[in-house]
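Below is one structure, written out as structure tokens; comments come after it.
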Amino acid sequence: MSKHVLHALRHTDPQLAWLIRAEEKRQFDKIRLIASENYVSRAVLEASGTVLTNKYSEGYAGKRYYEGQEFIDQIEELAIKRAQDLFGAEHVNVQPYSGSPANLAVYLAFLSPGDTVLGMALPHGGHLTHGANVSITGKYFKAFSYGLDEGTHQLNYENIRALALEHKPKMIIAGHSAYPRIPDFERFRAIADEAGAILMVDMAHFAGLVAGKAHPSPIPYADVVTSTTHKTLRGPRGGIILCKEKYAAAIDKAVFPGVQGGPHNHTTAAMAVAFKEASLPAFETYAAQIVANARALATALTKRGFTLITGGTDNHLILADLANKNISGRAAAVALNAAGIVLNCNAVPFDKRKPFDPSGIRIGTAAVTSRGFMEAEMEQIAVCIDEVIRAPEDAALHARIAGEVASLCSKFPPPGLG
Ligand code: DSN
């Protein structure tokens, strides 16, 4: 994309233009396995880079604080309608800048400081904003967390229920950033009802799978659902909140003026494009392939002696515990990056190592699936990962694999690039 549109930038700021081109080349040449990343389409990129960035529009369609909203209102209403149709949601707010502000707005809509919440523990795959003690959600609220079962490393609903009945949280949060299985939203609903809690689901990681019908939807069960729009959903960097109509006013007020100022209209427009793309039949094929690829990669890694948390995956991500490989997650991630395979180190459940250098790596298939990789390429990725992890200090091997990776990638131009 940038090679087509950076004429002015090259003239005004060649240094920055060069850096953007370099990042574009990096995204083209590497196998990107960070589970929260993707490649947006050229149409989404184009909508993101428009004059809509020039406009302020605090408020909502028909009730703004500044004039000149005749087109902005239509853009925001289009994005809302498309998201409602895509997810079958009664009400959608498309203004959150990203997932964390979306989650914060939900806290503001339903809770007061000091209220009790129950969310998934960060080291077990939850998110910072699900009540981690370093987050505002853990500092301003009384946050309790549920972890994974020590034996299965899966959600243990009896344990979650017991914690809910013990602590009586005002809000229970389901959803995760590093859990390779599918939450049982019906069970969460029943637990929330029994405990008298609001149920919030953060579907940021699997929203694209929900849109593409490759994952159950939390919408029928949750009072409120939040998401980013840039992970499996393959839209711009942004956030959305979906809720029942009865909560619409509280949510809208919490987003603006509660947490944010003016919405980022260029992002809203790009979201509208992404929602349209995600409603097309091809997106269902894409979502199914993300999961098929994750399963194929999990099988190929297991064959090579990798220990996968829960033994495999049902979604777009894999969590591998490298303890039996005698390498830390960070050392593995650094070596893999040198070999052209980009992922992140990650804590595994009950990790004995520190969060900055944990025992595991997280692997996601959304981005590679966007560029057309199939099961055969997953096998190749597993071979490369295995070779690098066996020889994390072998710079010559890493350079050789990086060359092979670039050659493979050259055959699969990603959306938006090339
Ligand atoms: N940073 C995101 C992730 O990688 O999962 C969560 O916000």
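Remember, it's 1-based here, ligands and their atoms both numbered in the order they're listed.
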Starting at OG1 of T268, measure out to CD of E77 and round the result to the nearest 0.5 Å. 12.0 Å
Which protein non-hydrogen atom lies closest to atom 1 (N) of ligand 1, naming both residue and atom, and how far is it? S36 OG, 4.5 Å
Closer than 4.0 Å to some heavy atom of H205 - which atoms of ligand 1 meet that? 3 (C), 5 (O)
Could you tell me how the ring of F350 sits relative to the ring of H124: parallel (under 30°), tilted (30 to 60°) or perpendicular (over 60°)? perpendicular
H127 heavy atoms within 4.0 Å reach ligand 1 at atoms 6 (C), 7 (O)
Identify, by atom number and element, the atoms of ligand 1 in contact range of R362, meaning under 4.0 Å from any of its heavy atoms. 3 (C), 4 (O), 5 (O)
As a test of understanding, state which of T365, D314, L209 forms a side chain to side chain contact (heavy atoms under 4.5 Å, CB included) with V291. L209
Tell me if the aromatic rings of F188 and Y221 count as close, with their centers under 6.0 Å from one another. no
